[in-house]
Amino acid sequence: MTNSETEVAIIGGGAAGIAAGRRLRATGIDCLLIEARPRLGGRAWTVTDQSGFALDLGCGWLHSADRNPWTKIAEAQGRTIDRTPPPWTRPALPIRFPLDEQQDFRKSMSELYDRLEAILAKGGDVPAANALKPGGRWNNLLTAVGTYISGAELNLISGRDFINYQDSEVNWSIIEGYGATIAAAGTELRTSLESPVSRIDHNGQKLKIESAKGTITAGQAIVTLPTAVLAENERLFSPALPQKTQAARGLPLGLADKLFIALADAEEFEPNSRVFGHTDRIATASYQLRPFGRPQIEAYFGGNHAAALEAEGERAFFDFAVTELTALFGSTFARRVKPMHMHRWGADPFARGSYSYALPGMTECRAALAAPVNGRLFFAGEACSRGDFSTAHGGWITGVSAAEQVIAVRQGRSL
Ligand SMILES: Cc1cc2nc3c(=O)[nH]c(=O)nc-3n(C[C@H](O)[C@H](O)[C@H](O)COP(=O)(O)OP(=O)(O)OC[C@H]3O[C@@H](n4cnc5c(N)ncnc54)[C@H](O)[C@@H]3O)c2cc1C
């Protein structure tokens with residue numbers, strides 16, 4: 001692509017950008033999806049392993065699946081939805097974590113939410129960690145689980161944002177991959193891949209969007225970039241939009257990374273069973289054994305722990321996992337496992353993290369980020385959602401909403 005023109009430019013071809021593009025296209029509005037990577041999907045990314053299994057390196061769970069728009073899209077694409085309840089809603093293997101302790105831990109998790117609600121009922125905001133019981137037995141494991149949920153430790157996260165998350169508690173998955181489903185949903189859109197956008201000039205009558213493949217002229221644009229990318233790129237907009245940079249900085253991307261491990265003699269374990277590496281520390285991983293019944297382990301790392309391992313390189317994740325797994329299952333277990341696939345989302349220049357959380361006191365940044373500018377620049381992406389942030393369906397919902405704002409403005413209706 002060299003210089004080109006479109007009615008609406010959509011910047012970023014992840015869940016939000018694809019949703020916006022589909023909504024505009026359905027209304028007959030010409031749009032162009034401008035994506036930095038050589039593929040669609042963004043933080044939704046399915047790769048295929050040697051045995052042909054689809055591995056989701058980014059989003060895997062259809063959270064709030066009973067009201068998640070991607071469920072219907074996956075079904076329309078002929079995909080297979082696995083409705084098995086997720087491992088975290090069932091007891092973990094009782095290895096070094098007896099069932100009565102697991103029950104006590106689950107109770108402390110629900111008490112954490114109750115205490116947070118009680119603290120916030122008085123108004124204002126506090127770090128989510130303020131609701132930990134002082135000296136509580138499970139505080140480290142609660143914080144570790146917090147890093148899986150939010151990508152950051154509970155002391156960094158806004159307690160109000162944490163409880164704003166809306167969860168129908170129905171979680172399904174797609175055997176052929178969530179990432180593959182999202183990318184396939186964008187195939188009919190006009191797309192410019194490998195076109196990182198470096199500048200959005202909104203000085204003149206038309207927007208001028210500078211990308212690696214040329215300048216695109218557009219009447220309006222929907223910006224769906226991850227907050228970490230927006231936060232570090234103050235000069236993206238010309239004139240600058242400091243309110244957007246500030247909003248993005250209030251909503252950093254937490255870090256979560258997955259490592260897929262091949263497992264020999266996997267039948268020893270029940271499909272979709274789970275263990276924590278340790279129950280007494282924050283720097284531990286959660287292991288899903290035999291996801292979809294496959295001879296694999298999906299290891300999940302979060303927060304500062306994931307960041308420290310990213311700094312050491314991919315091998316560090318596997319070495320860490322082997323140390324924890326051999327401590328649980330014996331030294332011979334090391335011979336049964338081999339690293340397969342992973343992606344370091346923090347090191348990825350087009351993500352710079354995994355999913356957004358709000359800093360304490362910054363919950364309103366979600367609405368500030370989502371607010372349109374001068375009827376020409378519109379914003380979407382998981383971080384713009386008040387209650388479905390950090391998810392692929394949050395991406396979809398905000399993408400559709402931004403497209404509807406564009407349509408309203410074009411029809412002369414007020415927003
Ligand atoms: C390990 C991991 C596990 C997860 N698990 C789940 C889960 O189970 N369920 C769930 O719902 N969600 C999960 N998520 C979160 C989910 O993947 C994201 O919330 C969602 O995909 C975000 O969609 P988006 O469109 O808002 O952003 P993105 O997918 O990040 O889309 C933004 C797009 O902008 C592009 N871009 C960046 N810079 C530029 C530029 N300069 N110019 C042009 N394009 C650019 C990016 O390449 C990207 O394609 C997970 C994420 C990770 C990383």
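All of these numbers come straight from a predicted model, not from anything done at the bench. Indexing begins at 1, ligand by ligand and atom by atom, following the structure's order. Just so it is clear, the values below take in all heavy atoms, side chains as well, and ignore hydrogens, waters and symmetry mates.
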Using a strict 4.0 Å threshold on nitrogen-to-oxygen distance, state whether D56 and K258 make a salt bridge.
no
Atoms of ligand 1 less than 4.0 Å from G13 heavy atoms?
33 (C), 49 (O)
What residue and atom, counting heavy atoms only, is the protein's closest point to atom 21 (O) of ligand 1, and at what distance?
R43 CB, 3.7 Å
Is any side-chain heavy atom of M340 less than 4.5 Å from a side-chain heavy atom of L55?
yes
Tell me which part of Y300 gets within contact of ligand 1: side chain, backbone, both or neither, using heavy atoms under 4.0 Å.
side chain
Is the shortest N/O to N/O distance between G395 and ligand 1 below 3.5 Å?
no
G14 heavy atoms, cut-off 4.0 Å: which ligand 1 atoms fall inside?
25 (O), 29 (O), 31 (O), 33 (C), 49 (O)
Where ligand 1 meets G381 - atom numbers and elements under 4.0 angstrom, heavy-atom basis:
26 (O)
For ligand 1, which atoms sit closer than 4.0 Å to a heavy atom of A16?
25 (O)
How are the rings of F329 and F333 set relative to one another: parallel (under 30°), tilted (30 to 60°) or perpendicular (over 60°)?
tilted
Mark up the atoms of ligand 1 that fall under 4.0 Å of a heavy atom belonging to H63, in ascending order.
7 (C), 8 (O), 9 (N), 10 (C), 11 (O)
Just do the side-chain contact (heavy atoms from CB on, under 4.5 Å) check on F320 and L309 with the steps written out, would you?
CA-CA 9 Å; F320 181 87; L309 293 173; 4.2 Å; yes
Would you say V373 and Q243 make side-chain contact, with heavy atoms under 4.5 Å?
yes
Between F97 and W138, what is the ring plane arrangement, given parallel below 30°, perpendicular above 60°, and tilted in between?
tilted
Just to check, does L57 reach to within less than 4.0 Å of ligand 1 when the distance is taken from its heavy atoms?
yes
If we ignore angles and hydrogens, is there a donor and acceptor under 3.5 Å between the side chains of E153 and T147?
no
Are any of the N or O atoms of W345 closer than 3.5 Å to those of ligand 1?
no
Counting only heavy atoms, which portion of L40 has something under 4.0 Å from ligand 1: side chain, backbone, both, or neither?
neither
May I ask which of A15, A228, S356, C59 has a heavy atom nearer to atom 13 (C) of ligand 1 than the others do?
C59
